[in-house]
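Encoded as structure tokens, the structure appears first; notes follow it.
Letters go in sequence order (proteins before strands), and every chain restarts at 1. Only heavy atoms go into these numbers, but all of them, side chains included; no hydrogens, no water, no symmetry mates.
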Amino acid sequence: MSEHKIVDACNTYCPGPLMELITYMRQAAVGDTIELLSTDSGTANDVPEWVNKIGHELISSEQVGDVWHLTVRKAK
Amino acid sequence: MRVLVVGGGTGGTIVANNLARRLAPEIRARKAKITMLSASDQHMYQPGLLYVAFGQMMPDELYRDQRSLLESNIDFHVDPVEKFELDKNSVTTQSGKTYEYDVIVIATGSRTMSNKIPGLEEAGDTFYTEAGAVKLFKKLREFEGGKIGIVVGVPHKCPIAPVEAAFSLHDYLKARGIRDKVEIKYHYPINRMHSIENVAIWAKPEFDRMGIEIETLFNVEEVDVENKVVKSMEGSEYAFDILISIPEHHGMETIESNNLGPDGWIPTDRNSLKMEGYDNVYVVGDTTNLPVSKTGSAAHFEAEVISENIASIIKIGAPVKEYDGKVYCFIEAGHDKATYAMFNYENPPDLKAANKSMHWFKMSYNKMYWASVRGLL
Ligand SMILES: Cc1cc2nc3c(=O)[nH]c(=O)nc-3n(C[C@H](O)[C@H](O)[C@H](O)COP(=O)(O)OP(=O)(O)OC[C@H]3O[C@@H](n4cnc5c(N)ncnc54)[C@H](O)[C@@H]3O)c2cc1C
């Protein structure tokens, strides 16, 4: 069974949302999805760039109020 | 009230000392007791390892006897915890003893996991351990020229260390008169050269000026030990003569084996610092899963919140503080200059230009640390 995990990286500057996502992706199994919550608008560009380069899959990216929700599936 | 502190590093020591002073009357009246269990009778000032790697400090300068750092009313034992039974309010130690508590503070720190990446342990040099820092120094001392790569795993303690290592390396090679014979290439896992945007904005031009090359989006996948090549998940590679590695960290093995949190990171409430699901379990320092940097500084500010709250709960029945994510980090910038980054959950760091007085402040702090863990600063 694949798991879906929410990682709350709102209001964090160091190590920051993308580093949090990398940490949780390393713990996840192939097929799992992680939904990253971030208040840093840069995350909306940083995450897709990292996901594409590594070869994971960006499922969705949307802003709800001040919070970005980026869902990524671990592909390898 | 029995308070059990597990771990005698930065966070655990500050919690225990701070609490011992606040609860002195209760301890004297035998209404409270503070016990600390640790894995070592020595306390290491870990930031000093960076200086050891460049011949600026000797390893023996980094240690103090743990007992000598503790208030005399703390019951201290070198007897690491092996089993946590949080639902029964008890732990069992290596010696087979069982300790019961009313409140527990977990402060067991983190460890490097070079062995997770094939080849990294054999081919990489890390200054995150005493033996590693000494070995790296000896290698650099004999180095006559070639290529040095710096690679970074996620997560790791002290997020500023990769940048400081690059500056110190540049300085050291310059002082040896061989900087022009060495290529330094810094590799970083995300798409800018440091996780803190303002640090990246400040450090990038400094790297350019020093001729330190940068490759971003480089997550180490494996190291070919024989051919001395490090390969990234993103598909690029770097042939090196020396590979300085800041490896991925986990929490301690005991935390993992007791299933307190994935990879040894304990789920912790970001304001109360209680372990999720438990009212009498506090977590401090590196072993939290908090989205703040794993630093002695974060451990220090968290420890103050935890000790004030445990004391006030005992005295007036209510907590008085919340952790606001505060961290203060010195940043050694080379050329005997330094700056600092201060931030919390709400405010990003605003970096000032590096100057000599901040460097000397950091050098003094290297000594003042011992007053700080005693809870005197
Ligand atoms: C090279 C380097 C440079 C650094 N630079 C900086 C810096 O400039 N600024 C900064 O703020 N931070 C810096 N740090 C990070 C800082 O040292 C750590 O973040 C800090 O020590 C964390 O404190 P802690 O209490 O969580 O863990 P630690 O201080 O590591 O203490 C953990 C304690 O737990 C004990 N323990 C382990 N397992 C058990 C067990 N099973 N039972 C009982 N006890 C146990 C250990 O013996 C130890 O006493 C640096 C670290 C390194 C390695």
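- Ranked by heavy-atom pairs under 4.5 Å with chain A, the list B/M233, B/E234, B/H194, B/R192 is led by B/E234.
- Looking at A/H69 and A/E62, their side chains never bring a donor and an acceptor atom within 3.5 Å of each other.
- Within the 4.5 angstrom heavy-atom criterion, only side-chain atoms of B/E248, from C-beta onward, approach chain A.
- Heavy-atom distances place the side chain of B/F343, and not its backbone, under 4.5 Å from chain A.
- By number of non-hydrogen pairs under 4.5 angstrom with chain B, the leading residue of A/C10, A/A9, A/G55 is A/C10.
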Using the rule given for ring pair (Phe, Tyr, Trp, His ring centres under 6.0 Å), can you reason through B/Y328 versus B/F330, listing the C-alpha separation, both sets of side-chain angles and the distance that settles it, and then say yes or no? CA-CA 7 Å; B/Y328 178 106; B/F330 291 101; 5.4 Å; yes

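- At least one side-chain heavy atom of B/E256 sits less than 4.5 Å from a side-chain heavy atom of B/H250.
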With ring pair (Phe, Tyr, Trp, His ring centres under 6.0 Å) as the test, would you mind laying out the steps for B/F207 and B/F167 before giving the verdict? CA-CA 8 Å; B/F207 273 39; B/F167 287 139; 5.4 Å; yes

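- Residues B/P348 and B/E197 form no side-chain contact, since every pair of their non-hydrogen atoms from C-beta on lies 4.5 Å or further apart.
- Heavy atoms closer than 4.5 Å to chain A are found in the backbone of B/N347, but not in its side chain.
- At a 4.5 Å heavy-atom cutoff, B/F218 makes no contact with chain A through either its backbone or its side chain.
- A/E3 CD: 12 or fewer foreign heavy atoms inside a 6.0 Å radius.
- Residue B/P159 touches chain A through its side chain alone, counting heavy-atom pairs closer than 4.5 Å.
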